[in-house]
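Okay, so here's the structure we're looking at.
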Amino acid sequence: MRRGKRFLALLTCLVLLLSFALPAWAGAGGEKGKAWSYGLRIAAGQDNEDTQDTGDNQEGTGEKIRNKEHMKVQKGKSVAQDVYRGVENALLHVKNPVARAALTAILEGKSVAEAVYEAKSQLDTWKDTDEIAAVAEELEKAVATDTSLDNLTQAQVKKHLGIMYLKANKFKKARALLEEVVAAASDDKEAYEQLDAACAAEGDYQFKVFLKGKALQFDVPPRIEGGRVLIPVRFLAQGMGADVNYDNGTVTITNKGITIRLVIGSNQAQVDGVTVYLDVPAKVVDGRTLVPLRFVAEGFNARVDYYGGSNLVAVQTT
């Protein structure tokens, strides 16, 4: 009996001692208490970010989630963080469901190309030009940082963005993008058509000649006479890798084993010794010899496409 009473008294003292000691240790133990708590949480399978005091960090929770999502995007598509944030901000102001779907695709880690195609495919029914411009700007930034795109895909994506800028009446931006496209994909006729439309929308009707996608620069501008475009021969020849010689009013152009001779003011020319009649002869203007563009280019087996909206000519060599 006595032993039983002693044991009960000892147990009571131990309980009282622990009731005072444990709260004090937990409250004043500092880092030990935190480490103990952290260890329990790690043992329960929670990571470090999830162990933060929710009362002090509610405001930072959204940022942590966004950072995690950003890292997911980064792993897949190499989209820069400022692009990611720009897309988030754009979503706050964009209401069109197609626009939202395109921007959301970026946040979900999909290919930027997929997002652009999604936006462009519904462009005919998209009426808000401000929204179109805003979405195109964010997608353009994403394209610039997406290292997963090969050169051809990047050119196609930029072409679609150029078309979006045209729809949004951002003609200067459309032209700049489309010039990049033809430089990268010089045989893309649709890109030239859209570039022609952008130039016309800007009010630029001067003759523009693109040789293998590169815009030729002239000190004497091209002109049209008798329905034929005349351009300074040296700039065309140099761009095509041809040699040019002048001799007593005769211009001789040689390239890839083909020789073309034109006489200033004469409607007769020769291609490898065979006489050919011209609609418009070569002429001299301001000290420069101008020759019929199509005749010379096609004489060297190049393709010539004329786009009449803004007087744009595309020459594609073989």
Side-chain angles (χ1 to χ4, degrees), residues 162 171-189 191-256 258-267 269 271 276 278-318:
F171 307 126
K172 186 174 182 179
K173 286 190 173 184
R175 179 173 181 172
L177 267 183
L178 291 165
E179 285 181 349
E180 288 184 31
V181 174
V182 298
S186 61
D187 59 346
D188 191 329
K189 288 189 174 184
Y192 285 113
E193 290 172 358
Q194 298 300 328
L195 177 57
D196 178 54
C199 293
E202 275 195 304
D204 180 4
Y205 301 104
Q206 291 187 346
F207 278 95
K208 295 163 285 294
V209 179
F210 286 80
L211 178 58
K212 294 182 288 187
K214 307 293 184 181
L216 296 181
Q217 304 297 323
F218 306 103
D219 50 5
V220 174
R223 62 187 61 200
I224 189 166
E225 292 188 11
R228 300 298 180 185
V229 178
L230 301 178
I231 70 169
V233 62
R234 185 168 295 280
F235 293 91
L236 176 63
Q238 287 176 345
M240 298 182 72
D243 295 322
V244 182
N245 292 298
Y246 303 90
D247 183 23
N248 295 325
T250 299
V251 181
T252 302
I253 313 168
T254 305
N255 187 31
K256 297 180 180 178
I258 300 172
T259 299
I260 297 176
R261 288 188 175 88
L262 303 99
V263 178
I264 303 299
S266 173
N267 288 87
V271 179
V276 179
L278 305 174
D279 294 329
V280 179
K283 63 188 301 182
V284 176
V285 177
D286 296 336
R288 294 297 183 189
T289 300
L290 274 60
V291 299
L293 169 60
R294 185 178 293 276
F295 170 74
V296 173
E298 291 182 347
F300 291 122
N301 299 316
R303 190 186 79 215
V304 180
D305 296 310
Y306 174 72
Y307 302 89
S310 71
N311 295 314
L312 186 151
V313 181
V315 180
Q316 187 66 25
T317 59
T318 55

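This one's a predicted model, so the numbers in the text were calculated from it and none came from an experiment.
A donor-acceptor pair is defined here as one N or O able to donate and one able to accept, closer than 3.5 Å; no such pair exists between the side chain of Asn245 and the backbone of Thr252. Judged by distance alone, the side chain of Lys214 and the main-chain N or O of Gly239 form no donor-acceptor pair under 3.5 Å. The backbone N or O of Val182 sits nowhere less than 3.5 Å from a side-chain atom of Asp188 that would complete a donor-acceptor pair.
In terms of heavy-atom proximity, Ser310 sits nearest to Ala200 at CB-N, 3.6 Å. Counting all heavy atoms, side chain and backbone alike, Lys208 lies closest to Gln206 at NZ-O, 2.5 Å. Across all non-hydrogen atoms, the minimal contact from Ile253 to Ala237 is CG2-CB, 4.4 Å. Between Ala174 and Gly162, the closest heavy-atom pair is CB-O, 3.4 Å. Annotation for Ser266 and Leu278: closest pair O-CD1, 4.2 Å, computed over non-hydrogen atoms. Across every non-hydrogen atom of Leu211 and Leu236, the tightest pair is CD2-O, 4.1 Å.
Residues passing the side-chain contact (heavy atoms from CB on, under 4.5 Å) test with Phe235 are Phe218, Asp219, Pro232, sequence neighbours excluded. Partners of Gln238 according to the side chain to side chain donor-acceptor pair (under 3.5 Å) rule, which considers only residues two or more places apart in sequence or in another chain, do not exist here. With sequence neighbours excluded, the residues that form a side-chain contact (heavy atoms from CB on, under 4.5 Å) with Arg294 are Arg228, Glu298, Val304, Tyr306. Taking Lys283 as the reference, Glu225 meet the side chain to side chain donor-acceptor pair (under 3.5 Å) condition, with sequence neighbours excluded. Contacts of Glu193 classified as salt bridge (Lys or Arg N to Asp or Glu O under 4.0 Å), with partners at least two apart in sequence or in another chain: none. In this view, Asn267 satisfies the side chain to side chain donor-acceptor pair (under 3.5 Å) rule with no residue, not counting sequence neighbours. Residues forming a side chain to side chain donor-acceptor pair (under 3.5 Å) with Asn301 (at least two apart in sequence, or on another chain): none. When the side-chain contact (heavy atoms from CB on, under 4.5 Å) test is applied to Ile264, the partners found at least two apart in sequence or on another chain are Val251, Ala282, Val284, Thr289. For Phe171, the ring-ring contact (aromatic ring centres under 6.0 Å, His included) test picks out no residue, with sequence neighbours left out. Not counting sequence neighbours, the partners of Ala215 by the side-chain contact (heavy atoms from CB on, under 4.5 Å) test are Phe210, Gln217.
In this structure, the separation between CG on Asn311 and SG on Cys199 is 10.5 Å, given to the nearest 0.5 Å. Rounding to the nearest 0.5 angstrom, the gap separating the CZ atom in Arg288 from the CG atom in Leu230 is 15.5 Å.
When each of Leu290, Leu293, Val313, Val315 is checked for a side-chain contact (heavy atoms from CB on, under 4.5 Å) with Ile231, only Leu293 meets the rule. Tested against Tyr192 for a side-chain contact (heavy atoms from CB on, under 4.5 Å), the candidates Asp305, Asp187, Leu312, Val181 yield a single pass: Leu312.
Residues Tyr307 and Gln194 fail the side-chain proximity criterion, which asks for heavy atoms closer than 4.5 Å. The shortest side-chain heavy-atom distance between Arg234 and Tyr246 falls under the 4.5 Å cut-off. By the 4.5 Å heavy-atom criterion applied to side chains, Asp279 and Phe295 are not counted as neighbours.
Judged as a salt bridge (charged side-chain N to carboxylate O under 4.0 Å, His left out), the pairs with a partner in residues 172-181 (not counting sequence neighbours) are, in order, Glu137-Lys173, Lys158-Glu180, Arg175-Glu179, Arg175-Glu202, Arg175-Asp204.
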**OP:** Decide yes or no on side-chain contact (heavy atoms from CB on, under 4.5 Å) for Phe300 and Val296, but give the supporting numbers first.
**Re:** CA-CA 7 Å; Phe300 291 122; Val296 173; 3.9 Å; yes
